[in-house]
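The structure appears below as structure tokens.
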Amino acid sequence: MSDDLNIKKTSSIKTKSSSVSGGGTDIDYVRPAELPEQDLYHGHSFITKWIFCQDAKVIGIQYTLTAVFTGVVGLILSWMMRMQLGFPELFPFLTAESYYQMVTMHGMIMVVYLLTALFLGGFGNYLIPLMVGARDMVFPYVNMISFWMFFVAVVVLMASFFVPGGPTGSGWTLYPPQAILEGTPGSGYGILLMLISLSLFVIGFTMGGLNYVITILQARTRGMTLMRMPLTIWGIFTATVLALLAFPALLVSSIMMTLDKVLGTSFFMPTIIKAGEMLSYDGGSPILFQHLFWFFGHPEVYIVALPAFGIVSDLLSVHARKNIFGYRMMVWAIVGIGALSFFVWAHHMYVSGMNPWFGFFFASTTLIIAVPTALKVYNWILTLWRGNIRLTTVMLFCLGFIVTFVNGGITGIFLGNVIVDVPLSDTYFVIAHFHMVMGIAPLMVIFGAIYHWFPLITGRFLDETLGKWHFWVTFLGAYSIYFPMHYLGFIGVPRRYFEMYDSPYMTSAVGMNEFISVAAFIVGAAQFIFFYNLVKSIRLGKPAGKNPWKANSLEWLTPQVPPEHGNWGEKLPVVHRWAYDFNVPGAKKDYITQTTPPSEVIEAEVEKT
Amino acid sequence: MWTGLVFLAVIIGSIAFHVWTPWWWTDIASNWGAMDDTIILTFWIGGGVFILVCLFMVYCIFKFNYKEGRKVEYKPEDKKLEVRLTWATALGVAALLAPGLLVWNQYIKVPENSIHVEVMAWQWGWKYRLPGEDGVLGTSSNKKINDDNPFGINEDDPNGKDDILIDSEELHIANNRPVKILLRSIDVLHNFYVPQFRAKMDAVPGMITYYWFEPNKIGEYEVLCAEYCGVGHYAMRGLVVVDNQEDYNKWLAKHETFSSFIAKRKKEGLINEKVVKINNILNTKKSIKSEKNVR
Amino acid sequence: MTDTKKKEETSTHKIGIYLWIWGLLFVLSFFSYMVDWYNFQGLLRWSLILFFMFLKAGLIMAFFMHLFWERYALVNVLLWPMTAIACFVGLMVAEGKYTVFSRLFYFFVGG
Amino acid sequence: MSDPTLDKLPGGFKGMSEDIGSDQTTFKGVNWGKAMMWIFLLSDTFVFSCFLVAYMKVRASVTEPWPYPSEVFGLEVFGVPVPLLLIAIMTFVLITSSGTMALAVKYGYEKNRKMCGLFVLLTAIGGLTFVGMQAFEWSKLIFHDGVRPWGNPFGAEQFGAFFFMITGFHGTHVSIGVIFLFIFARKVYRGDFDTGRRGYFTTMKSDYVAIEILGLYWHFVDLVWVFIFAFFYLW
Ligand code: HEA
Ligand code: HEA
Ligand code: CUA
Ligand SMILES: [Cu+2]
């Protein structure tokens with residue numbers, strides 16, 4: 001065994017142990033570089049610098065802006081839906097057709113085009129090279145194409161609003177046979193454009209995803225071991241791997257459905273009698289589609305959850321001035337959740353008419369996933385314990401995340417337990433569950449992350465006062481939308497109901513629906529405070545300077561703020577420790593950056609004692 | 001300071017809402033009380049964990065609010081604590097899962113003596129078929145559906161002859177007799193859901209799915225379609241009436257059987273040409289397949 | 001696969017090994033073709049088909065794609081995800097059987 | 001591969017835990033492009049698996065008889081029907097091209113420009129032959145046997161649908177591979193990999209490792225065929 005690989009000897013995660021081994025320079029030893037410097041293509045013109053740009057940071061921002069644009073569309077759609085549900089008679093133009101189209105587009109946009117693109121495309125691109133100490137993604141050109149594929153996918157998706165028949169109204173789950181038959185709005189061009197857009201998204205994402213994975217695995221800087229990476233990177237990494245393995249199922253089901261639609265094949269289509277006539281389909285299996293969809297769909301919900309888990313860990317640690325509790329457990333939990341998420345998909349299909357024996361298998365695997373997730377929750381709150389909590393806007397969003405995530409996670413446990421799912425499936429309980437755990441919790445993290453990294457991206461702080469308003473309105477508002485909504489589900493109100501109040505026992509839902517709708521308008525409107533804050537602060541925000549939050553991880557340690565193309569100036573940073581050395585006993589400052597060599601820490605200690 | 005208080009208020013508010021909520025499940029009218037019990041159990045365990053986690057968080061907010069120079073603990077991990085928490089959670093999960101699976105086992109095992117009821121879903125409504133004297137439903141196929149045979153019953157199957165056809169949204173069932181619902185769809189996915197019975201299952205075209213329950217309260221119950229099935233989804237309601245045996249028998253007697261239905265059609269002289277027509281359709285379909293698709 | 005063996009072969013490999021694998025693939029393909037030719041049926045057919053299939057796949061991956069000489073980190077990363085597929089396949093076999101049972105039991109001309 | 005420092009590293013599972021615990025790279029000595037190709041192939045494996053799983057599920061649940069592939073894909077040679085003949089030949093062609101590719105990669109390692117280029121070219125020709133035969137097979141099925149994606153005279157209509165979809169997807173992979181093989185054959189002959197000439201869109205230097213990467217892709221296409229052959233033709 002060669003000595004130079006044995007880095008564990010010279011430095012370990014715990015600063016304590018590295019500082020006991022005495023002075024001398026060899027304690028700072030880090031293996032020499034394995035790889036030559038990366039050649040970068042530097043843009044010259046406006047077009048190569050800002051449009052067809054190969055810099056991951058710019059691509060990240062492009063992804064973010066595009067995703068937020070779709071997010072605003074999704075938000076407006078949710079407003080219109082709530083309008084209908086809360087005040088059914090008010091807007092005659094809200095027909096059942098358009099309602100279902102809105103539900104569908106809202107769901108798909110929010111899950112795939114907003115959250116997935118924002119977390120992986122946006123944060124992934126911006127943060128991965130910076131946090132692992134690379135100059136850029138490993139294949140910047142492919143990375144650029146990835147964004148433009150995504151862009152085209154969004155254009156195709158948005159185009160479906162304007163085609164004859166409108167966008168598809170099949171529900172974001174796109175279940176056949178309904179999705180491609182008349183009787184569902186947008187079953188002509190709408191569904192086709194949706195399928196094409198999804199396929200483009202998958203292809204584009206694959207290009208980006210390969211970049212993220214390989215950058216993290218193969219392009220880390222010296223001293224950056226996997227177990228020193230910030231949890232943000234672990235979350236994004238695992239989510240990307242999930243995406244690379246789960247999106248194929250979506251691609252395949254899209255292709256097959258397209259063929260069913262266009263060529264009249266019968267993959268998912270059994271014999272069907274419509275309007276008294278027998279269609280030419282025969283022998284296909286609708287449940288197969290559901291299996292394929294959820295083989296993608298369940299990992300997909302963790303694809304949006306894992307990056308949030310990772311990011312929130314980092315934000316909590318920085319703003320509580322304390323190391324993240326149980327780092328190694330956190331890493332294993334992320335990886336474990338990721339791996340397990342491929343074995344639980346049919347918990348969305350308990351009442352789909354699949355083989356009833358699957359219920360036992362999938363209920364067990366589903367509840368098992370709760371264990372690593374629970375550990376993460378415990379570790380977050382234990383990170384707060386005996387910390388020094390700065391109640392910044394960022395921290396508030398993290399706390400909001402914990403509350404909403406635990407709430408939504410527990411309702412997930414209801415649904416995961418197969419027999420409990422029977423009465424609750426396809427009711428508003430499910431809607432409440434996933435908005436709490438996916439609509440609100442990760443969005444909280446996104447907002448927190450933007451407040452956190454905005455100073456890095458622009459060099460200026462976002463306004464804290466506006467930020468706090470934004471937080472409280474969003475958190476309290478969203479909580480009061482979705483917490484009561486569970487009880488609609490108990491009553492038995494099914495989801496995807498355009499209106500429902502003539503049933504005797506459902507009349508009591510009217511009042512709640514009005515309340516929910518009003519809350520939704522307010523929460524939505526609060527986002528415009530945020531947009532105002534963003535626009536205002538780019539120019540007028542308080543200048544932040546370098547490393548304003550006193551964080552440890554590499555992205556704050558670039559020579560320039562905001563970092564330039566190539567990130568690191570002359571020399572790549574060298575990493576000596578994990579990213580969570582806050583308030584190390586005996587250290588002079590309350591944080592020790594990842595690049596601080598052990599010998600300096602010892603000096604600090606010596607000075608103090 | 002008030003940050004912690006607001007979070008505390010959120011937790012207390014959640015509990016209060018849960019305790020005093022006017023929105024709660026409908027009175028149960030079937031044997032699936034065990035489902036409600038499992039939900040309650042989940043509420044106790046899950047709710048307890050939620051409250052504990054959040055209270056701990058609030059405590060931290062109060063106790064460890066930023067103070068310059070506060071002594072912060074440096075403790076990257078605590079193996080013992082983590083192992084304990086893992087086990088505690090695993091225990092909680094097992095306590096939820098075990099009863100859940102037991103009830104599920106009941107749910108998928110239909111009692112021998114249950115009455116079979118076929119629910120046929122279409123866009124957007126319901127039809128029903130009950131077995132006749134023999135207690136057995138005849139085989140069927142969507143391919144055989146036509147005006148003379150709205151349920152696509154196999155004419156060659158003797159079991160089907162006495163099947164009772166109910167071409168209406170209203171289904172009656174007898175109180176305190178287990179019912180096996182056999183779900184069938186002629187077009188897209190639907191789901192036969194009566195909140196008071198708790199049970200539900202999708203109707204999938206191209207196959208038969210099932211569930212069972214035993215009604216135990218006489219009354220009328222609305223059927224909601226609980227699987228999205230196109231624009232009419234929200235309007236796809238039906239009615240289940242739970243009768244005592246006597247009323248049920250009366251209601252049953254009012255409906256015609258498949259053979260009487262055919263006899264009636266024959267008398268009206270409707271049937272012969274139609275049979276030829278449907279056979280033609282079936283035949284042309286076979287040959288079309290290799291030629292060109294219709295749609 | 002011992003360490004010593006690995007070391008000898010890491011850089012470039014003798015042409016012989018490729019020709020050998022090539023030949024083996026031919027033979028195995030021929031065998032699997034023979035399964036059809038002799039019209040074996042039932043379990044025998046299945047086990048033979050799968051046996052030859054996995055053997056061929058294994059040879060291609062191990063030698064033509066050099067996985068045999070790669071470090072375990074890469075090998076494991078590539079092979080573990082296959083368990084997800086295995087699970088998917090297994091469950092879908094059960095599901096297919098369940099569907100066809102439902103169709104044959106209740107229908108008389110298929111679904 | 002040819003990196004001598006790698007030989008010093010421990011192998012086996014011990015090596016694995018050290019690789020994973022180390023800094024900079026997890027796959028020691030694996031070029032970025034090669035790592036990327038591997039992960040892409042992993043993802044692509046899931047694509048093909050989903051196709052095949054869907055096929056299995058549907059085939060297992062149709063009630064109409066499934067056409068007997070051995071006859072459908074048989075050919076008549078001098079009046080004697082030979083089952084699966086064309087497929088057998090296609091299989092041999094593809095394996096042959098995989099063999100030539102393996103040799104091309106070997107000569108690539110050795111930086112043997114002439115031989116490497118020759119074998120890449122041979123592989124491309126093999127691939128082209130395969131695609132040609134597939135085109136023949138498709139047209140026979142479509143024009144002679146009347147098989148369509150939406151139906152066929154032999155039985156379950158999904159037969160044609162899955163056949164065209166899966167072999168079509170595989171054929172597309174082969175075709176893309178062939179295009180790249182031709183491009184790379186030219187690059188090798190031109191000596192790009194010896195001079196380290198930079199590509200069009202990237203700033204990366206060309207290197208013989210590109211041949212290895214292309215080889216991975218090509219072998220993968222062969223690998224997929226092994227599964228298609230077993231599940232589609234022999235089942
Ligand atoms: C970010 C997204 C996200 C996340 C993280 C989750 C997390 C979970 N989800 Fe959710 N889910 C969705 C998004 C998400 N879900 C979406 C979008 C749908 C609907 C799709 C559609 O139909 O349109 C859905 C639907 C859905 C269903 C199907 C319902 C139905 O249609 O009938 C089920 C059923 O099992 C389920 C279960 C779970 C479980 C068990 C978890 C678990 O991972 C949760 C684990 C977390 C915790 C448990 C909390 C923390 C733990 C503790 C504090 C410890 C103590 C706990 C105990 C001892 C119990 N979800
Ligand atoms: C991440 C996913 C996500 C998000 C954020 C939301 C947000 C909202 N959703 Fe939705 N929703 C879904 C995913 C999501 N939803 C899905 C998957 C479905 C199922 C669709 C189907 O059945 O097919 C659904 C369905 C659904 C229904 C059920 C419809 C039905 O079944 O009939 C309702 C009803 O009230 C609803 C309401 C809302 C409301 C009021 C909001 C919001 O108004 C809440 C408040 C908004 C915000 C907190 C901010 C929004 C974010 C931005 C504007 C981006 C800005 C971001 C940055 C600058 C970083 N949604
Ligand atoms: Cu029928 Cu919804
Ligand atoms: Cu799920």
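Chain naming here is simple, since letters A, B, ... match the order of the sequence lines and numbering starts at 1 in each. Every value quoted in this text rests on a predicted model; they were computed, and no experiment measured them. Below, each value reflects all heavy atoms present in this structure, side chains not excepted, and no hydrogens, waters or symmetry copies.
You'll find the ring centres of D:Tyr109 and C:His66 inside the 6.0 Å limit.
Considering every non-hydrogen atom in both D:Val62 and C:Arg103, the closest pair reads CA-NH1, 4.0 Å. Nearest heavy-atom pair, C:Pro81 versus D:Leu42, reported as atom, atom and distance to 0.1 Å: CG-CD2, 3.9 Å. Contact detail for D:Thr91 and C:Ser29: the closest heavy-atom pair is CG2-OG, 3.9 Å. Annotation for D:Thr26 and C:Ala73: closest pair O-CB, 3.9 Å, computed over non-hydrogen atoms.
Both the backbone and the side chain of C:Phe26 come within less than 4.5 Å of a heavy atom in chain D. Heavy-atom distances place no part of C:Val75 under 4.5 Å from chain D, backbone and side chain included. If you measure heavy-atom distances from D:Tyr107 to chain C, the contacts under 4.5 Å come from the side chain alone. For D:Tyr217, no part lies near chain C; criterion is any non-hydrogen pair under 4.5 Å. Only the side chain of C:Ile60 comes within contact range of chain D, with at least one heavy atom under 4.5 Å from a heavy atom of that chain. D:Thr100 touches chain C through backbone and side chain together, each having a heavy atom under 4.5 Å away. Contact of D:Leu216 with chain C is made through backbone and side chain together, with heavy-atom distances under 4.5 Å. Heavy atoms of D:Leu52 lying under 4.5 Å from chain C are absent altogether. Contacts of C:Ile21 with chain D are absent, with no heavy-atom separation under 4.5 Å from either backbone or side chain.
Atom-to-atom distance recorded for C:Phe88:CZ and D:Lys57:NZ is 10.5 Å, nearest 0.5 angstrom. Rounding to the nearest 0.5 angstrom, the gap separating the CE atom in C:Met61 from the CG atom in D:Asp222 is 12.5 Å. From D:Tyr233, atom OH reaches atom OH of C:Tyr33 across 13.0 Å, with rounding to the nearest 0.5 Å. The CG atom of C:Leu78 sits 6.0 Å away from the CD1 atom of D:Ile39 when rounded to the nearest 0.5 Å.
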Do C:Leu50 and D:Phe231 pass the side chain to side chain contact (heavy atoms under 4.5 Å, CB included) test, and can you show the C-alpha distance, the side-chain angles, and the key distance before you say yes or no?
CA-CA 9 Å; C:Leu50 290 183; D:Phe231 288 129; 3.9 Å; yes

Begin with the C-alpha distance, continue with both residues' side-chain angles, and end with the deciding distance and a verdict on side chain to side chain contact (heavy atoms under 4.5 Å, CB included) for C:Trp22 and D:Thr96.
CA-CA 7 Å; C:Trp22 199 350; D:Thr96 307; 3.5 Å; yes

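One N or O on the side chain of C:Arg45 and one on the backbone of D:Leu234 form a donor-acceptor pair closer than 3.5 Å.
When each of D:Ala88, D:Ser49, D:Gly215, D:Gly99 is checked for heavy-atom pairs under 4.5 Å with chain C, D:Gly99 comes out on top. No other option in D:Ile87, D:Val224, D:Thr45, D:Ile95 has as many heavy-atom pairs under 4.5 Å with chain C as D:Ile95. With chain D as the partner, the residue from C:Met92, C:Glu95, C:Met65 showing the most heavy-atom pairs under 4.5 Å is C:Met65. Among the candidates D:Ala54, D:Ser98, D:Cys50, D:Ala35, the residue making the largest number of heavy-atom pairs closer than 4.5 Å to chain C is D:Ser98. Counting heavy-atom pairs under 4.5 Å between each of C:Asn76, C:Val35, C:Val93 and chain D puts C:Asn76 at the top. Annotation: maximal heavy-atom pairing with chain D below 4.5 Å, among C:Tyr98, C:Trp46, C:Phe63, C:Phe54, occurs at C:Trp46. Contact tally against chain D (heavy-atom pairs below 4.5 Å) for C:Leu25, C:Leu28, C:Thr99, C:Ile85: the top residue is C:Ile85.
By the neighbour-count criterion of 12 heavy atoms within 6.0 Å, atom CZ of C:Phe31 is sparsely surrounded, having that number or fewer from other residues, nucleotides or ligands. Counting heavy-atom neighbours within 6.0 Å of D:Phe48 CZ, excluding the residue itself, gives a total above 12. Summarising the local packing, CZ of C:Phe30 is surrounded by 12 or fewer heavy atoms from other residues, nucleotides or ligands at distances under 6.0 Å.
Looking at C:Glu70 and D:Lys34, a side-chain N of the basic residue comes within less than 4.0 Å of a carboxylate O on the acidic one, giving a salt bridge.
In this structure the side chain of C:Leu67 reaches within 4.5 angstrom of the side chain of D:Trp38, judged on heavy atoms. Residues D:Phe229 and C:Ser32 form a side-chain contact, since some pair of their non-hydrogen atoms from C-beta on lies under 4.5 Å apart. Side-chain contact check for C:Phe64 versus D:Val105: every heavy-atom pair is 4.5 Å or farther apart. Taking the side chain as every heavy atom from C-beta outward, D:Phe27 and C:Arg71 never approach each other to under 4.5 Å.
Donor-acceptor pairing under 3.5 Å is lacking for the side chains of D:Ser61 and C:Lys97.
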